[in-house]
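Keep in mind that the numbers below use all heavy atoms, side chains included, and drop hydrogens, waters and symmetry copies. This structure is a prediction, so every number in the text was calculated from the model and none was measured. We're numbering straight along the sequence, starting at 1.
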Amino acid sequence: QDQLVESGGGLVQAGGSLRISCAASGRTFSRNAMGWFRQAPGKEREFVAAITGSGSRTYYADSVKGRFTISRDNAKNMVYLQMNSLKPEDTAVYYCAGTSGSYRVVSPGQYNYWGQGTQVTVSS
């Protein structure tokens with residue numbers, strides 16, 4: 001399985017933007033759908049966005065639709081999450097994950113491998 005390493009998290013004011021990245025190592029990257037999840041303190045890990053292996057299709061949680069954009073660059077083995085119009089409730093640790101299954105799966109249990117996470121904090 002691929003190894004995943006997230007980066008780009010940080011502190012941003014409400015209404016601001018941030019792009020987080022996920023670097024994958026391994027041979028299966030372009031064949032797997034990739035997703036972003038997040039987990040706030042005291043809450044369960046929740047689905048944010050996903051993208052097919054080819055990058056042709058994306059899927060978003062209603063809470064981020066229209067504000068966040070997931071993308072990937074298979075030549076660089078990278079996945080990105082562009083986050084605009086950030087809100088304090090977007091504060092969480094953001095995780096990159098990969099699955100050999102459908103990109104429309106929102107359950108964390110259906111993803112096969114995970115990164116270590118990157119903290120995103122949105123101040124009001």
Side-chain angles (χ1 to χ4, degrees):
Q1 291 180 343
D2 289 358
Q3 303 296 315
L4 303 175
V5 179
E6 300 95 334
S7 62
L11 175 64
V12 62
Q13 289 187 333
S17 298
L18 196 65
R19 188 179 82 158
I20 55 178
S21 303
C22 173
S25 60
R27 302 178 183 179
T28 64
F29 178 73
S30 63
R31 297 200 296 267
N32 288 346
M34 299 297 295
W36 285 99
F37 288 76
R38 66 187 182 186
Q39 189 166 18
K43 294 188 177 181
E44 294 186 350
R45 193 168 297 189
E46 65 172 358
F47 171 79
V48 175
I51 189 167
T52 56
S54 67
S56 61
R57 297 183 180 182
T58 57
Y59 186 55
Y60 296 93
D62 288 342
S63 59
V64 306
K65 199 173 296 182
R67 299 189 298 123
F68 291 11
T69 302
I70 187 172
S71 61
R72 66 190 296 162
D73 184 339
N74 286 345
K76 297 181 179 179
N77 276 19
M78 296 291 294
V79 182
Y80 307 99
L81 186 67
Q82 177 67 44
M83 303 181 289
N84 299 329
S85 302
L86 282 161
K87 305 175 182 179
E89 51 263 45
D90 294 318
T91 295
V93 177
Y94 282 71
Y95 296 91
C96 176
T99 178
S100 56
S102 170
Y103 74 107
R104 293 182 68 86
V105 171
V106 301
S107 169
Q110 297 299 314
Y111 279 73
N112 307 112
Y113 51 103
W114 294 80
Q116 83 292 345
T118 187
Q119 176 70 47
V120 173
T121 303
V122 184
S123 63
S124 57

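Taking 4.5 Å as the limit, some side-chain heavy atom of T28 sits within range of a side-chain heavy atom of Y113. Side-chain contact check for M83 versus W36: every heavy-atom pair is 4.5 Å or farther apart. Two residues are said to be in side-chain contact when any heavy atoms from C-beta on lie closer than 4.5 Å; T99 and V105 fail this criterion.
With sequence neighbours excluded, the residues satisfying side-chain hydrogen bond (donor to acceptor under 3.5 Å, both in side chains) with Q119 are T121. Scanning for side-chain contact (heavy atoms from CB on, under 4.5 Å) contacts around V5 gives Q116, with sequence neighbours left out. Applying the side-chain hydrogen bond (donor to acceptor under 3.5 Å, both in side chains) rule to Q110 yields no partners; only residues at least two apart in sequence or on another chain are considered. Checked against side-chain contact (heavy atoms from CB on, under 4.5 Å), E46 has the following partners two or more places apart in sequence or in another chain: R38. Taking S25 as the reference, Q3 meet the side-chain contact (heavy atoms from CB on, under 4.5 Å) condition, with sequence neighbours excluded. In terms of the side-chain contact (heavy atoms from CB on, under 4.5 Å) criterion, residue partners of S30 (sequence neighbours excluded) are, by chain and number, N74.
Considering OG of S124 and CD of Q13, their distance stands at 9.5 Å, rounded to 0.5 Å. For the atom pair CD1 (I70) and CD (Q82), the distance works out to 12.5 Å, reported to the nearest 0.5 Å.
Applying the disulfide bond (SG atoms under 2.5 Å apart) definition to pairs two or more places apart or across chains, those involving residues 90-124 are C22-C96. Counting only residues at least two apart or on different chains, the side chain to side chain donor-acceptor pair (under 3.5 Å) pairs with a member in residues 14-23 are S17-N84. Sorted by first and then second residue, the salt bridge (Lys or Arg N to Asp or Glu O under 4.0 Å) pairs with a member in residues 59-69 read D62-K65, R67-D90; sequence neighbours excluded. The list of disulfide bond (SG atoms under 2.5 Å apart) pairs with a residue in residues 55-95, not counting sequence neighbours, is empty. Pairs of residues two or more places apart, or lying in two chains, that qualify as ring-ring contact (aromatic ring centres under 6.0 Å, His included) and include a residue from residues 66-111 are F37-Y111. Applying the salt bridge (Lys or Arg N to Asp or Glu O under 4.0 Å) test to every pair with at least one member in residues 26-35, sequence neighbours left out, gives no pairs at all.
Using modelled atom types, no side-chain atom of R72 and backbone atom of A33 make a donor-acceptor pair closer than 3.5 Å. The main-chain N or O of R104 is never found under 3.5 Å from a side-chain atom of R57 such that the two would form a donor-acceptor pair.
Connection of W114 to V79 is not established within any shared hydrophobic cluster, with ILVMFWY side chains joined at heavy-atom distances below 4.5 Å, either directly or through further cluster members.
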